[in-house]
Every structure is written in structure tokens, then in C-alpha cells.
Participant: 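The structure is given below, and queries will be raised subsequently.
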Amino acid sequence: MIIKSASRKRGSYRQLLRYMIEGEERVPESRIILHNVIGETLDDWVAEFKANEANRKRERKGSVKLYHDILSFHPDDTSYLTLNTIEELTRNYIEERNPNGLYVGAIHLADDHYH
């Protein structure tokens, strides 16, 4: 597994969430992975991320507004991975990265390349 992390300095929550949830590579039968997010819709999640950003104590020019982390698996590992396994790995990653953060995740498949 490789972890790719891209930071975003613009609060492009809606664009990123839309890609994750509506992307053509997303597995339709998989559940959306939520952590510390209580809303049920994309609009709810955007509002929660914006409300969280409003709690920032110091506003700095060029500060990171969000991260787009990707857990990427080698194509040779595809036969060993199930949706449940990927979800469990994702939840473990979230707990290790920042258990207090807000997270929305979705499983994507691209040419037998799970991420």
C-alpha cells in the first residue's frame, strides 16, 4: 500500500467530495466511510467542513484547508482485497492519522487498481 497525500489551500470541499462520491471509479455497492461527520448528504458534509474551518484560531495566508489522502494498493494485491478489508484499512488509517479530524472516504476501482 502506498499513501498519497495532497494538500489543498483552497476550501474546495464540494469539488473534492463530488469527485469522491460521484466518480465513475467508485464502487456503487460500497458504503461511504464517515468519521466525525454526522451529515447524510454532500451538502451536509460541505457545511460541516466549512464550520470546522471557521473554528481555526489563526488565519494564515496560504494555510492548508484540507487534505486528499489516497490509500493506493498494488494491482497484484487486488485478489487479496475485499471491500470490507479496504474499509477496515481506511478506518485504521484514519485513527492513526488524526482521530479528531473530519473524514469522508469512498472506495474507487481503476483498472483493477483499488484506491
Side-chain angles (χ1 to χ4, degrees):
M1 175 176 71
I2 295 174
I3 300 171
K4 303 173 189 177
S5 185
S7 61
R8 293 186 179 206
K9 295 183 180 187
R10 289 187 9 222
S12 53
Y13 311 106
R14 182 173 306 283
Q15 183 272 332
L16 180 57
L17 288 167
R18 197 174 236 153
Y19 160 75
M20 291 170 44
I21 305 309
E22 298 172 0
E24 62 187 42
E25 298 171 345
R26 185 175 168 279
V27 180
E29 65 273 12
S30 70
R31 293 183 305 276
I32 303 300
I33 300 166
L34 301 176
H35 182 84
N36 291 335
V37 177
I38 56 175
E40 296 182 7
T41 67
L42 190 137
D43 288 335
D44 294 341
W45 303 333
V46 169
E48 287 183 62
F49 279 104
K50 285 181 178 180
N52 187 61
E53 180 62 28
N55 290 325
R56 187 181 291 262
K57 291 183 180 181
R58 293 193 178 114
E59 184 65 34
R60 293 186 326 202
K61 181 179 178 181
S63 64
V64 173
K65 305 289 185 194
L66 64 112
Y67 289 93
H68 179 191
D69 290 352
I70 301 168
L71 308 182
S72 182
F73 302 93
H74 192 277
D76 291 349
D77 294 332
T78 301
S79 62
Y80 303 105
L81 296 169
T82 65
L83 296 177
N84 289 336
T85 304
I86 296 171
E87 182 174 342
E88 183 179 343
L89 288 168
T90 301
R91 291 189 184 282
N92 288 338
Y93 173 75
I94 289 168
E95 283 297 321
E96 292 294 323
R97 176 120 166 49
N98 178 6
N100 298 318
L102 303 180
Y103 293 88
V104 175
I107 299 170
H108 285 201
L109 299 176
D111 301 324
D112 294 328
H113 174 211
Y114 290 22
H115 60 283

Participant: Can a donor-acceptor pair be found, under 3.5 Å and without considering hydrogens, that links the side chain of Asp69 to the backbone of Ile3?
Facilitator: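 No; judged by distance alone, with no hydrogens or angles, the pair does not exist.
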Participant: Nearest 0.5 Å, please: how far is CE in Met1 from CG in Leu81?
Facilitator: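 Reported to 0.5 Å precision, the distance equals 10.0 Å.
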Participant: With a 4.0 Å cut-off, would you call Lys9 and Glu53 a salt bridge?
Facilitator: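 Result for this pair is no, no salt bridge flagged.
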Participant: Hey, are the side chains of Val104 and Leu42 touching, using non-hydrogen atoms and a 4.5 Å cut-off?
Facilitator: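 When only atoms from C-beta onward are counted, Leu42 and Val104 do not touch, as no gap falls below 4.5 Å.
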Participant: Evaluate the side-chain proximity of Leu66 to Phe49: yes if any heavy-atom separation is below 4.5 Å, no if none is.
Facilitator: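 Not in contact.
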Participant: Indicate, with yes or no, if the rings of His108 and Tyr19 have centres closer together than 6.0 Å.
Facilitator: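 That pair passes the under 6.0 Å test.
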Participant: Following the transitive rule for hydrophobic clusters with a side-chain heavy-atom cut-off under 4.5 Å over Ile, Leu, Val, Met, Phe, Trp and Tyr, establish whether Leu16 and Ile94 coincide in one cluster.
Facilitator: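 No.
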Participant: Is Asp43 close to Arg14 at the side-chain level, that is, under 4.5 Å between some pair of heavy atoms?
Facilitator: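 Side chain of Arg14 against side chain of Asp43, heavy atoms only: contact under 4.5 Å found.
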Participant: So, is the end of the Arg97 side chain (NZ or CZ) under 6.0 Å from the ring centre of Tyr103 and within 45° of the ring's axis?
Facilitator: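 Arg97 over Tyr103 ring: no.
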Participant: In terms of side-chain geometry, is the basic nitrogen of Glu95 or Arg91 positioned less than 4.0 Å from the acidic oxygen of its partner?
Facilitator: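 No.
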Participant: Ignoring hydrogens and geometry, is there a side-chain-to-backbone donor-acceptor pair from Glu87 to Ile33 under 3.5 Å?
Facilitator: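 Flag not set: sc Glu87 to bb Ile33 has no pair under 3.5 Å.
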Participant: Please round to the nearest 0.5 Å and tell me the distance separating atom CD of Gln15 and atom CG of Leu17.
Facilitator: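 The CG atom of Leu17 is 9.0 Å from CD of Gln15, to the nearest 0.5 Å.
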Participant: So do the side chains of Ser63 and Lys65 get within less than 4.5 Å of each other, counting heavy atoms only?
Facilitator: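 Side-chain contact under 4.5 Å: yes.
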Participant: Are Leu83 and Phe73 joined in one hydrophobic group, where the rule is that I, L, V, M, F, W and Y side chains link up if heavy atoms are under 4.5 Å apart?
Facilitator: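 Yes, one cluster joins them.
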Participant: Do Trp45 and Leu34 come close enough that some side-chain heavy atom pair is under 4.5 Å?
Facilitator: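 They are in side-chain contact.
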Participant: Under the side-chain contact (heavy atoms from CB on, under 4.5 Å) criterion, do Leu71 and Ile86 qualify, and how do the steps go?
Facilitator: CA-CA 9 Å; Leu71 308 182; Ile86 296 171; over 6 Å; no
Participant: Crowded around Arg56 CZ? As in, over 12 foreign heavy atoms under 6.0 Å?
Facilitator: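 For Arg56, atom CZ is crowded (more than 12 foreign heavy atoms under 6.0 Å).
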Participant: According to a 4.5 Å side-chain heavy-atom criterion applied to Ile, Leu, Val, Met, Phe, Trp and Tyr, with indirect links allowed, do Tyr67 and Ile32 form part of one hydrophobic cluster?
Facilitator: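 No, separate clusters.
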Participant: Should Thr78 and Tyr114 be marked as a side-chain contact (heavy atoms from CB on, under 4.5 Å) after you check the CA-CA gap, both sets of side-chain angles, and the distance that decides it?
Facilitator: CA-CA 7 Å; Thr78 301; Tyr114 290 22; 3.4 Å; yes
Participant: Can you give me the closest heavy-atom contact between Asp44 and Gly39, atom names plus distance?
Facilitator: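 Closest approach of Asp44 to Gly39, heavy atoms only: CB-CA, 3.6 Å.
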Participant: Is there side-chain contact between Glu88 and Asn84, with at least one heavy-atom pair below 4.5 Å?
Facilitator: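 Not in contact.
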